[in-house]
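Notes to accompany the following structure.
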Amino acid sequence: MELFNTLTRRKEKFIPGEPGRVKMYSCGPTTYNFIHLGNARALVVFDTIRRYLIYKGYRVTFIQNFTDIDDKIIKRAREENMDTIALAAKYVNEYFTDADALNVMRADVHPKVSEHLPEIVEMIGRLIERGIAYTIPEGDVYFSVRDFPGYGKLSGRSLDDMLAGARVEVDPRKRDAMDFALWKSAKPDEPAWDSPWGPGRPGWHIECSAMSLKYLGESFDIHGGGADLIFPHHENEIAQSEGATGKPFARYWVHNGFITIREEKMSKSIGNISLVRDLVKVFEPAALRSFLLSTHYRSQLDFDPGKMDAAVKGVNRLKTCLNLLEEGLTRADDSVGTNVDLEKRLEELRERFESAMDDDFNSALAQAVLFDLASEINSYLHQTAQPEQGILLKARTLFTAFNGVLGVFREENGRIVLKEEAGSDDLVAQLLDLIIGVREESRKKKDFATSDRIRDELKAIGIVLEDTPQGVRWKRN
RNA sequence: GGCGGCGUAGCCAAGUGGCUAAGGCGACGGUCUGCAAAACCGUUAUUCGGCGGUUCAAUUCCGCCCGCCGCCUCCA
């Protein structure tokens, strides 16, 4: 298995620090709002990577933090006249609603900054002791980039380059313009925590260093996040962690590309931020997830409602296949001879899927294999009146295995579930049975005017009827 | 200014120094159907932005040019 490592800027063979075990950390959201499509991409990308590692048999420990202490939260809380912790807690809950909708697995631990102040303070103290952080009279603590030799190694730039291109006004209290805050002293009405340097709050970057250290140790395998985090966030994390422990931090750095909306950068000023909350009202999560995985994770991905059509249709094709497969199983026979040819092709599909994912998690190619599997299944079912049970079960197992990695469809007890919502289903089903029965009578009498009218009008309210040799099928559109 | 990416069929999107350039959507023809739908079968890039170079051979490597985009500031 190979993955692209931002640190070395090339694909590398993946060798975990401990055989059979993978420790990974991904930067989670700052909880001051609902998550948007860009957050969703990062979530889905790292969830898929994690799922594939599990598929490969690794024991994976996955940590994703919540930044629940932050300037943006303070600002938002003021606007809403809320307590910062309460506001952050609210959006942590909202986060789970959206992440669950996207079929993103929960992390093993979702640590919050607010619950790790002692660890953070401890780490800052260590950096001061080691002489790579310093305090100023106001109570702020800064990291001294000149005292950490490797600064810039992740983003591939030198301190001098950065200074030349710096656009921010330099705080004269810093020793170097690139020094960044580890601890910010509190202004009068800001939330504050005690520390040896006075009341204040942690800087943005130190939390990930402190929490990854606590849950994964000094060195771990994969650290991920959006490409925008490479600098300064991840660069600073490396400086803090390696500065404090003297050990190499994460071995592999994985970054996902950005999402644009209709070819435009997603930003507040353009006003084109797409919230997951709104998107799932329009598109089913399976289609969103399929869309997010239809491009390689490092590439930029353009979201356009029009482009979602292909994803929606594609997912429908997969769903139809799953339904045909289940139907095929009801008329399958276990006494028919084995289909050696198909069995061989299924095995080839598994190999193709794995080599796609082994190659820097090429989910676009992996999805193509899933579509090929659907074609194989449909084709077999089409040409076989009496399908063989064993091969169908194998095909279903394979489909489920692929889906288990891509996470397109929800699964319960190892089986894919397609029903999006329950509820009134029983009544709807009964009414439809009734209507379909009446329509069948018209069809028998060749009263096609009536039968077509029923079909057309059902279609208008979102119910599609399909007449098949196995009877009438209906589905919601 | 510094760093990086991209340009493959109508759209989205993989990919490879030489073997039929994946897959999805769309379109077209056929099978099935009372008609549809779904599914199946087939067609849809002699060609991979342009120009040069390396090579027996380049879409794939190198150079230049054109076009597009991202990061360098809070941001997934």
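Keep in mind that this is a model prediction, so the values were computed, not measured. Naming: A, B, ... by sequence-line order, numbering from 1 per chain. Just so you know, these numbers use all the heavy atoms, side chains as well, and skip hydrogens, waters and symmetry mates.
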Comparing nearest nucleotides in RNA chain B, the 5'-proximal residue of the pair A:Q367, A:N362 is A:N362
Is there a side-chain contact between [X] and the phosphate of [N], meaning an N or O under 4.0 Å from OP1 or OP2?
| X | N | result |
| --- | --- | --- |
| A:K307 | B:rC25 | no |
| A:S379 | B:rC41 | yes |
| A:K265 | B:rC71 | yes |
| A:W474 | B:rA37 | no |
| A:N256 | B:rA76 | no |
| A:R317 | B:rG24 | yes |
| A:N39 | B:rA76 | yes |
| A:N323 | B:rA38 | no |

Counting Watson-Crick and G-U wobble pairs only, both distances under 3.5 Å, name the nucleotide matched with [N], or none.
| N | answer |
| --- | --- |
| B:rG1 | B:rC72 |
| B:rC28 | B:rG42 |
| B:rU16 | none |
| B:rA58 | none |
| B:rC64 | B:rG50 |

So does [X] pair up with [Y], basic N to acidic O under 4.0 Å?
| X | Y | answer |
| --- | --- | --- |
| A:D70 | A:R201 | no |
| A:K112 | A:D68 | no |
| A:R453 | A:D456 | no |

Donor/acceptor link under 3.5 angstrom from [X] side chain onto base of [N]:
| X | N | value |
| --- | --- | --- |
| A:D452 | B:rG34 | yes |
| A:R455 | B:rC35 | yes |
| A:D467 | B:rC35 | yes |
| A:R9 | B:rG4 | no |

Rounded to whole Å, how long is the line connecting atom [atom1] of [X] with atom [atom2] of [N]?
| X | N | atom1 | atom2 | value |
| --- | --- | --- | --- | --- |
| A:R76 | B:rC74 | CZ | C1' | 15 Å |
| A:D309 | B:rA13 | CG | P | 15 Å |
| A:D228 | B:rC75 | CG | C1' | 5 Å |

List the atom of A:N403, the atom of A:V408, and the distance in Å for their closest heavy-atom pair. OD1-N, 3.2 Å
Does B:rG70 have A:F258 stacked on its base, where the ring centres are within less than 5.5 Å and the planes differ by under 30°? no
If stacking means aromatic ring centre less than 5.5 angstrom from the base's six-membered ring centre, planes under 30°, is A:F448 stacked on B:rG34? yes
Looking at A:N65 and A:P111, would you say the former's side chain and the latter's main chain have a donor-acceptor pair under 3.5 Å? no
Considering only B:rA14, B:rA39, B:rG23, which nucleotide approaches the side chain of A:A364 most closely? B:rA14
Among the nucleotides B:rG34, B:rA14, B:rG23, whichever has the atom closest to the side chain of A:R443 is B:rG34
Quick check: A:F143 with A:H205 (ring centres under 6.0 Å apart)? no
